[in-house]
Amino acid sequence: MWPVLIQEAILDILEVTSYQCRVERTSQRAPFYSLTVNGESESERMKIDGQNVEISNRDKVFFPDTHLTKGDVIDYYVKIAGSMIPHIKHHGISMQRFPDGLKGSGFYNKDAPDYFPDWIKTVQFAKEGGGSFNAPVVDKKSSLVYLADQAVLTFHPYWGRIDDLKHPERMIFDLDPPKDTEDFQNVRDCAQEIQDILERLDLRGWIQTTGSMGFHIHVPIIREFGFDKVREFAHDIGLLVVKANKDRYTLEEREEKRKGRVFIDFLRNSYGATSVAPYAVRAR
DNA sequence: GAAGGTA
DNA sequence: TACCTTCAACGCCCG
DNA sequence: CGGGCG
Ligand SMILES: [Mn+2]
Ligand SMILES: [Mn+2]
C-alpha cells in the first residue's frame, strides 16, 4: 500500500530536525552519457529507460551564489529519481521553469508544450469554463531528466490522482511558518498536534520537508470523497489545533492576519491546487 | 527553452 | 536575422 | 465583483 511508496521522502515526525535537501556538485556527473562535439558547441545525450534524452547547456549557471549549473541540477534529479518518482508518478505536474537560472524571472508552465516528445505522459485537466490543458506526468526517470533539461527546477504536483482527478487519495496539511522566521519549534509542534489528532482518528500522517521552513503532512484516505469534503475535514482538524493554541497557529490565509503564527493551509485540498513535490529543488 | 510574431 | 513576448489557470476565500 | 493567496 502506499505508505511503502512514501517511505523514502518521509521522515518520522519526531526525528525531523533539519529540513534541507541540497543540490551539490558531486565529484561525478550522472552516468550513461555519450558526448558529441560539433565545433564549438557540444550537445550531449543520455540513454535512460531506453530513451535518448538530449541535454543542452550543462554548464549554464543556474544558481549564481554557488555557481551550481543546470548540469548539477540534472545530476541531482538523476540521483534522487528513484526516491522522488514513486510520490508523483500518478499525478499531473505544474512546472516552475527557470531557463536563465535564478537571475531570470522564471515562469509557471501547466500546459505541456506541443514540442514535448510523445513519450512524456500527460493528463488532461478540464477547465471550469470549458477547454483543458495537458499536465505532464513524471512516471519515469527519462521524463524527470527531460523536464530538468527543460529548465524545470521545481515540480508542483496536483494531488488528484490521474485515474480519477476528483477523488484524491490523500489529505494534505501545508504548514507555513511566518516569512523570514528562524523559528522551527512552532511548526514542528504544530505538526505534532495534527499528528496526535490523526492518531486518535486512526489516520496516519506522513511528513514531508519542502526545502523551505515548512512541512507538508500527507494523510492517506479512502477515495470516496471529493476535494470539498476533504478540505472541510482538514479545516475541522485545523480548528481543533488552532482552538487550543490561538497564539501560535492560524487558519487565516491572509498574510496580515497571520501575525507571526503558523498558517495551517488546508486549502491545498482543492482541485487545481498544487504543492511542492518531495525532493523538488527550490529556487533559492 | 522554445515557439511565434514583428521589425 | 534579431529581438521581444509568452508560457498560470484555477479554486477558494474575504472584503 | 476584485484581489490575495498558492
Ligand atoms: Mn508551504
Ligand atoms: Mn501554503
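Lettering follows sequence order; numbering is per chain, from 1.
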Engineer: I'd like to know if A:D189 and A:R248 make a salt bridge, using a cut-off of under 4.0 Å between side-chain N and carboxylate O.
Structural biologist: yes

Engineer: Any ion pair linking A:R58 and A:D75 (charged N to carboxylate O, less than 4.0 Å)?
Structural biologist: yes

Engineer: Can you list everything that forms a side chain to side chain contact (heavy atoms under 4.5 Å, CB included) with A:P157? Sequence neighbours excluded, please.
Structural biologist: A:I88, A:H91, A:I93, A:W159, A:A277

Engineer: Which donor-acceptor pairs under 3.5 Å do side chains of residues 99-106 of chain A form with protein atoms, sequence neighbours excluded?
Structural biologist:
from, atom 1, to, atom 2, distance (Å)
A:D100, OD1, A:K60, NZ, 3.4

Engineer: Could you list the residues that satisfy salt bridge (Lys or Arg N to Asp or Glu O under 4.0 Å) with A:R231, not counting sequence neighbours?
Structural biologist: A:D228

Engineer: Taking the P atom in each of C:dA9 and B:dA2, what is the distance between them to the nearest angstrom?
Structural biologist: 22 Å

Engineer: Got a list of protein N/O to nucleotides 2-6 of chain C N/O distances below 3.5 Å?
Structural biologist:
none

Engineer: Hydrophobic cluster mates of A:I162, side-chain heavy atoms under 4.5 angstrom, ILVMFWY only, any path?
Structural biologist: A:V123, A:F125, A:F133, A:V137, A:Y158, A:L165, A:F227, A:Y271

Engineer: Which residues in residues 94-117 of chain A have at least one heavy atom lying under 4.0 Å from any atom of DNA chain B?
Structural biologist: A:R97, A:P99, A:F107, A:Y115

Engineer: Under a 4.0 Å threshold between the charged nitrogen and the carboxylate oxygen, would A:K70 count as salt-bridged to A:D149?
Structural biologist: yes

Engineer: How would you list, by chain and number, every residue that makes a side chain to side chain contact (heavy atoms under 4.5 Å, CB included) with A:T122, sequence neighbours excluded?
Structural biologist: A:A112, A:N134

Engineer: A:R223: what forms a side-chain hydrogen bond (donor to acceptor under 3.5 Å, both in side chains) with it, not counting sequence neighbours?
Structural biologist: A:D163

Engineer: Under 4.0 Å from a heavy atom of chain A: give me the 5'-most and 3'-most nucleotides of DNA chain B that qualify.
Structural biologist: B:dG1 to B:dA3

Engineer: What does A:N269 touch in the nucleic acid at a heavy-atom separation under 4.0 angstrom: a base, only the sugar-phosphate, or nothing?
Structural biologist: nothing

Engineer: Test: ring-ring contact (aromatic ring centres under 6.0 Å, His included). Region: residues 99-118 of chain A. Which pairs qualify, not counting sequence neighbours?
Structural biologist: A:Y108-A:H156, A:F116-A:Y146

Engineer: Please list, chain by chain and in numerical order, all residues satisfying side chain to side chain contact (heavy atoms under 4.5 Å, CB included) with A:E253, sequence neighbours excluded.
Structural biologist: A:R258, A:F263, A:L267

Engineer: Does the protein touch nucleotides 1-6 of chain D at the base, only the backbone, or not at all? Give it as B, S and - per nucleotide, heavy atoms under 4.0 Å.
Structural biologist: --BBBS

